[in-house]
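One structure is given here, and the rest of the page talks about it.
Being a predicted model, the structure only gives us computed values, none of them experimental. Just so we're on the same page: letters track the sequence lines, and every chain starts at 1.
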Amino acid sequence: MTDLFIHDSAARRKRRFEPIDPGHVRMYVCGPTVYDLAHLGNARPVVVFDVLFRLLRRLYPKVTYVRNITDVDDKINARSRETGEPIEAITARTTADFHADMAALGALEPTVEPRATQHIAEMIALIERLIANGHAYVAEGHVLFSVPSFRDYGKLSGRSPDELLAGARVDVAPYKRDAGDFVLWKPSDENTPGWESPWGRGRPGWHIECSAMSWKHLGEAFDIHGGGHDLIFPHHENEVAQSVCAFPGRGFARYWMHNGMLLVNGEKMSKSLGNFMTVRDILAEGPWAGEAFRLLLLRTHYRAALDFTMEGLREAKAELDGHYAMLRRAPAAHDEGLARRMAEWVLEPLHDDLNTPLALARLRDLRTLENALTVGGSATVVLERIGLTREPAPGTAAAAFREAAQILGITRFAPEAWAQGLAGAGKATASGDTLMASAVAGPTREEVESAITARLAARRAKNWAEADRIRDDLKAKGIILEDGPAGTSWRRA
RNA sequence: GGUCCGGUGGCCGAGUGGUCAGGCAAGGGUCUGCAAAACCCUCUACAGCGGUUCGAUUCCGCUCCGGACCUCCA
């Protein structure tokens with residue numbers, strides 16, 4: 001088995017992945033705060049860590065992937081005050097939308113998806129431990145983490161507490177002993193959600209929930225912690241402080257992985273900047289859009305910034321069209337052992353810190369090879385690159401493609417369905433399905449097929465003018481015909 | 001201001017101390033009734049300036065440009 005290397009943000013270098021328990025790999029990824037639709041930037045970690053999850057499942061017997069839902073937060077409270085919609089309604093609806101959107105991107109469900117509001121008891125227990133350990137204190141109804149009490153504070157994000165203080169751009173609350181101290185628990189008035197606690201009725205601070213949920217579902221120490229690069233400070237720094245101080249000597253997360261930001265016009269896409277586009281906006285482009293966006297995300301290495309453009313989305317769609325076209329025409333028969341080896345060759349770059357762009361390039365090589373063998377061609381350059389000395393049986397490269405593409409989570413639809421409109425295809429939730437079905441426009445399958453029959457008669461009679469007229473007519477309606485040795489096939493543009 | 005990460009051919013985007021990334025676009029060809037698809041060929045880049053080296057796009061330094069973070073953020 002090839003070793004897996006991942007870039008650990010804490011160590012700032014690539015490290016060989018050695019799980020605490022090789023029989024059970026454990027990963028935690030920060031999930032959404034459910035107060036609004038997911039934007040394109042929110043989708044990046046979901047897709048990136050979905051690929052990692054799939055890869056880990058291939059490499060290890062058991063993988064537990066935890067991704068939380070943050071359903072208690074002052075942004076949610078603010079939204080409820082603005083719109084008048086009850087908090088529970090906002091979080092329930094937004095969670096359902098999030099699930100539908102992520103399913104449309106082909107993301108598997110995590111093993112566990114804990115909600116913050118269902119882990120208040122764990123949060124309180126954690127805070128009590130921190131107070132008992134001398135790492136937290138009560139002040140004016142708040143419980144604060146004492147940053148000076150933790151020597152390694154700032155290690156993850158690479159800053160010293162002094163620097164943080166110097167650059168602080170918020171007013172320091174008077175009850176803080178140290179300007180860097182952060183809130184673990186804060187009081188709630190009667191109009192704000194709250195839970196009874198040893199410190200009165202209140203609600204948790206932002207960071208404590210992740211420490212509580214990873215502890216509950218993965219234990220005091222686990223293997224991988226992931227999230228967006230912008231979470232390193234303060235969120236992950238504070239999480240480390242809380243968890244390490246609550247469970248001294250256990251080490252918390254062994255590897256930290258952070259995905260780069262998604263940009264639009266060279267700037268980070270974020271809700272606070274207001275320059276965001278929702279996943280749902282993209283899905284409305286067509287039934288192909290979810291998978292195309294997923295591919296777009298994987299065409300750039302996860303740690304690099306990615307500048308989103310519609311041209312990029314269309315290019316990803318065109319790439320998928322080509323992949324599906326190959327799968328559609330490739331024979332099912334194949335050399336199984338050779339297919340397995342070729343799939344390994346494609347997936348090999350994923351073991352080097354999830355190099356999806358290189359894996360995708362190799363996947364394209366498999367497509368070229370299969371096309372050459374199925375349609376006609378030599379593909380000597382590709383054969384050499386793969387390291388094959390002779391041509392594999394037709395269908396073999398396609399079988400390898402299918403196996404490798406499964407780890408990347410692309411070409412998950414039936415090739416014919418992809419080509420002809422995907423009506424009713426996706427297994428997304430109800431709202432996602434509606435979206436897909438409504439996006440299919442143009443002639444029905446029956447209309448297209450009867451036109452093809454009419455054209456076939458014209459071609460038999462060598463009435464080329466009529467045959468071309470039918471083809472042009474369909475083309476104007478978004479239907480492309482392709483004559484091949486096995487007959488005429490069609491697809492939607 | 002502090003910390004960090006980047007600048008690769010028309011566009012996107014991997015990677016490497018010295019032989020090829022790959023894709024899109026463009027041009028040429030094979031095939032086809034004509035197309036389409038597919039395959040083949042062409043297109044040889046690493047921000048700038050120094051340094052290390054037999055040799056640097058790759059290592060080091062400086063400069064310029066872009067971005068992220070500095071307690072809302074995936």
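- B:U32 and B:A47: their P atoms are spaced 47 Å apart (whole Å).
- For the pair A:Asp307 CG and B:G6 C1', the interatomic distance rounds to 13 Å; values are reported in whole Å.
- Note on A:Arg79: nothing from the nucleic acid sits closer than 4.0 angstrom, heavy atoms only.
- Distances were taken from every side-chain heavy atom of A:Arg329 (C-beta onward) to each of B:A37, B:A14, B:U71; the shortest belongs to B:A37.
- In terms of heavy atoms, A:Arg67 sits closest to A:Pro114 at O-CD, 3.6 Å.
- By the 4.0 Å N-to-carboxylate-O rule, A:Arg294 lies too far from A:Glu291 to be salt-bridged with it.
- A:Thr300 comes within contact range of the sugar-phosphate backbone alone, with a heavy-atom separation under 4.0 Å but no base atom that close.
- Under the Watson-Crick or G-U wobble criterion, with both distances below 3.5 Å, B:A26 is paired with B:U42.
- An OP1 or OP2 oxygen of B:A21 is reached within less than 4.0 angstrom by no side-chain nitrogen or oxygen of A:Arg364.
- Contact annotation for A:His39: base contact, defined as any heavy-atom pair under 4.0 Å involving a base atom.
- Residue A:Val29 is classed as having no contact, given no heavy-atom separation below 4.0 Å to the nucleic acid.
- Separation of the P atoms belonging to B:A36 and B:A26 is 12 Å when rounded to the nearest angstrom.
- The residue A:Ala379 sits close only to the backbone: its heavy atoms come under 4.0 Å of sugar-phosphate atoms, none of a base.
- Between A:Asn371 and the phosphate of B:C39, there is a side-chain N or O to OP1/OP2 separation shorter than 4.0 Å.
- When rounded to the nearest whole Å, the span between CG of A:Asn259 and P of B:C5 equals 17 Å.
- At a threshold of 4.0 angstrom between heavy atoms, the contacts of A:Asn42 include nucleobase atoms, whether or not backbone atoms are also involved.
- In this structure B:G6 sits in a base pair with B:C65, meeting the Watson-Crick or G-U test at under 3.5 Å.
- Proximity of the aromatic rings of A:Phe182 and A:His207 is defined here by a centroid distance below 6.0 angstrom, and this criterion is met.
- Each of A:Arg303, A:His229, A:His236 was compared with A:His258 under the side chain to side chain donor-acceptor pair (under 3.5 Å) criterion, and only A:His236 meets it.
- If you take CG of A:Leu297 and P of B:G13, they are 12 Å apart, rounded to a whole angstrom.
- For B:A35, the base has a donor-acceptor partner in the side chain of A:Arg471 [N/O atoms by modelled type, under 3.5 angstrom].
- Closest to the side chain of A:Leu358, out of B:A21, B:A74, B:C34, is B:A21.
- Residue contacts for A:Gly260: at a heavy-atom cut-off of 4.0 Å it reaches a base atom on one of the strands shown.
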Task: Stepwise salt bridge (Lys or Arg N to Asp or Glu O under 4.0 Å) check, A:Asp71 with A:Arg115 - done: CA-CA 6 Å; A:Asp71 57 357; A:Arg115 283 151 213 246; 5.5 Å; no
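- Checking B:U71, B:C39, B:A14 against the side-chain heavy atoms of A:Asn355 singles out B:A14 as nearest.
- Between the base of B:C4 and the side chain of A:Arg12 there is no donor-acceptor pair shorter than 3.5 Å.
- The existence of a salt bridge linking A:Asp181 and A:Arg177 is excluded, since no basic side-chain nitrogen approaches an acidic carboxylate oxygen closer than 4.0 Å.
- Counting to the nearest Å, the P atom of B:A35 and the CG atom of A:Asp483 are 12 Å from each other.
- When the P atom of B:A74 is taken as reference, atom CG of A:Asp36 falls 11 Å away, rounded to whole Å.
- If you check every strand for non-hydrogen atoms under 4.0 Å, A:Leu273 touches nothing.
- In this entry B:A14 has no Watson-Crick or G-U wobble partner, no candidate having both defining distances under 3.5 Å.
- Across all strands, A:Arg459 comes closer than 4.0 Å to base atoms (heavy-atom distances).
- Nucleotide B:A36 holds its P atom 11 Å from the CZ atom of A:Arg491, rounded to whole Å.
- Of all nucleotides present, none satisfies the Watson-Crick or G-U wobble test against B:U57 with each distance under 3.5 Å.
- Heavy atoms of A:Met326 sit nowhere under 4.0 angstrom from any nucleic acid atom.
- Here A:Thr368 lies in heavy-atom contact (under 4.0 Å) with sugar-phosphate atoms only.
- Taking the ring centre of A:Phe401 as origin, the terminal cationic atom of A:Arg367 falls outside the region bounded by 6.0 Å and 45° from the ring axis.
- Backbone-only contact: A:Lys75 has heavy atoms under 4.0 Å from sugar-phosphate atoms and none from a base.
- Aromatic rings from A:Phe222 and A:Phe252 are positioned such that their centres are separated by under 6.0 Å.
- Base pairing of B:C20: no nucleotide in any strand meets the Watson-Crick or G-U wobble criterion (both distances under 3.5 Å).
- Using a 4.0 Å heavy-atom distance criterion, A:Arg303 is classed as making no nucleic acid contact.
- Using a 4.0 Å heavy-atom cutoff across all strands shown, A:Gly266 reaches sugar-phosphate atoms only and no base atom.
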